[in-house]
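Okay, structure first, notes after.
A, B, ... follow the sequence lines: proteins, then strands. Residue 1 opens every chain.
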2 protein chains.
Amino acid sequence: MSDLLERLRGRGWRLTAQRRVVAEVLDGDHVHLTADEVHARAAARLPEISRATVYNTLGELVSLGEVIEVSTDRRAMRYDPNAHRPHQHLVCGKCGLVRDVRPVGDPLTDLPEGERFGFTLSGAEITYHGLCPSCASD
Amino acid sequence: MSDLLERLRGRGWRLTAQRRVVAEVLDGDHVHLTADEVHARAAARLPEISRATVYNTLGELVSLGEVIEVSTDRRAMRYDPNAHRPHQHLVCGKCGLVRDVRPVGDPLTDLPEGERFGFTLSGAEITYHGLCPSCASD
DNA sequence: TTCTTGACTTGGACTGAGTCCAATGTAGGA
DNA sequence: TCCTACATTGGACTCAGTCCAAGTCAAGAA
């Protein structure tokens, strides 16, 4: 994640303690935290960090293309740092576990011309639903 | 939509004026209204209908499988009465227009065994993003 | 037809997620 | 070291949705 901080500094980001802990909290694979979860983990390292700053920082990371927003349920938005490798999401309908997955092929090619209603397509987002191994065995 | 009302009555639904107008408002193709839009249109016919009743009725229609919830943006949930024909959604990123579309093939078959993490899959939801013809020409 | 009752509706308070803003603090260049 | 434009703060606010106690009414019973 420190290469991320380098990239951001190269883009004129002012490097504050708050931004650093938010970036650190988001490090890892299959990470899909809500803003409040990010805030709780960041506050464990930097107790005075505010919710507003977490929202600001997450929003900046999203608009810089370093983090992706995913809505896996009808509750809070989740933040996915795996932004540089195209992927989709697999969600457990019981416990909410989210995995990053890579289906074969390009989903856009599955939408025939006659079903495009004249739209200019820019992308497709797939959410696979199911039960994770431990929820399926209950 | 009156066949819907018949089906529901057959399932023991008490047929009230409020439920009738909500069902009528949801009639049609490519209908994807928010709860507040449903409430506004229902209130045009039945001014005293409450938001709570609209939410209750939409929730019942969803759990009876007569209406599908779709979240096309990060704002309000939308309600799609096209529940008996499997389909996906195509969303204009500028004006928010939503069309029902039918891609070829079954999206589940595009997720290889090695990408399923032991999950038991139950379905997949695809949102195609793009610009509608009138927004693309601006 | 009227009666009865349990299901339905209501409005208002409440929650959770997210935004906004004026005041305060500070990173990093001069 | 100083300056200042940018970042942070906390609290008020919005918006979507839920909850609940009190009142209403659809439809079966008589």
For nucleotides 25-30 of chain D, 5' to 3', base contacts (B), sugar-phosphate-only contacts (S) and non-contacts (-) with protein non-hydrogen atoms under 4.0 Å give BBS---
* Taking it one step at a time, do B:Glu125 and A:Glu125 satisfy side-chain contact (heavy atoms from CB on, under 4.5 Å)? -> CA-CA 8 Å; B:Glu125 205 181 300; A:Glu125 202 182 302; over 6 Å; no
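- Taking 4.0 angstrom as the limit, A:Tyr55 places none of its side-chain polar atoms (N or O) nearer than this to OP1 or OP2 of C:dT19.
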| query | What do the steps show when you test A:Glu37 against A:Val25 for side-chain contact (heavy atoms from CB on, under 4.5 Å), and what is the final call? | reply | CA-CA 9 Å; A:Glu37 288 165 350; A:Val25 161; over 6 Å; no
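- Between A:His32 and A:His30, the ring planes are tilted. Angles from 30° to 60° get that label.
- Look at A:Arg75 and you won't find any side-chain N or O under 4.0 angstrom from OP1 or OP2 of D:dA16.
- In the hydrophobic clustering of this structure, B:Val38 groups with B:Val31; members are Ile, Leu, Val, Met, Phe, Trp, Tyr whose side-chain heavy atoms approach within less than 4.5 Å, directly or through other members.
- Near DNA chain D, defined here as any heavy-atom distance below 4.0 Å, the residues from residues 46-54 of chain B are B:Arg51, B:Ala52, listed numerically.
- Atom pair B:Glu37:CD and D:dA16:P shows a separation of 10 Å (rounding to whole Å applied).
- Put simply, CE on B:Met77 is 14 Å from P on C:dA17, counting in whole angstrom units.
- A salt bridge does not link B:Glu60 to B:Arg11: none of the charged side-chain nitrogens sits closer than 4.0 Å to a carboxylate oxygen.
- In terms of position on DNA chain D, the residue among B:Asp36 and A:Arg19 whose nearest nucleotide sits closer to the 5' end is A:Arg19.
- Here the side chains of B:Leu26 and B:Leu58 are in contact, with some heavy-atom distance below 4.5 Å.
- The hydrophobic cluster containing B:Val91 does not contain B:Leu33, counting ILVMFWY residues as joined when their side-chain heavy atoms lie under 4.5 angstrom apart, directly or transitively.
- The interatomic distance linking A:Arg20 (CZ) with D:dA7 (P) rounds to 14 Å, in whole Å.
- In this structure, A:Tyr79 and A:Leu61 have side chains that are not in contact, with every pair of non-hydrogen atoms separated by 4.5 Å or more.
- Rounded to a whole Å, the CG atom of A:Asp73 is 18 Å from the P atom of D:dA16.
- As a whole-Å value, the separation of A:Asn56 CG from D:dC6 C1' is 12 Å.
- Between A:Arg11 atom CZ and D:dC6 atom C1' the separation is 18 Å, expressed in whole Å.
- At a threshold of 4.5 Å between non-hydrogen side-chain atoms, the residues B:Asp100 and B:His89 count as touching.
- In this structure, the CZ atom of A:Arg78 is 10 Å from the P atom of C:dA17, given to the nearest Å.
- Whole-Å rounding puts the A:Glu69 CD to C:dA17 P distance at 15 Å.
- Rounded to 10°, the angle separating the first-five-pair axis and the last-five-pair axis of the helix from C:dT1-D:dA30 to C:dA30-D:dT1 equals 20°.
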Item to complete: For the pair A:Val98 and A:Asp80, evaluate side-chain contact (heavy atoms from CB on, under 4.5 Å) and give the outcome as yes or no after the intermediate values.
Response: CA-CA 10 Å; A:Val98 182; A:Asp80 179 352; over 6 Å; no
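- With a 6.0 Å radius and a threshold of 12 heavy atoms from other residues, nucleotides or ligands, A:Arg41 has its CZ atom at or below the threshold.
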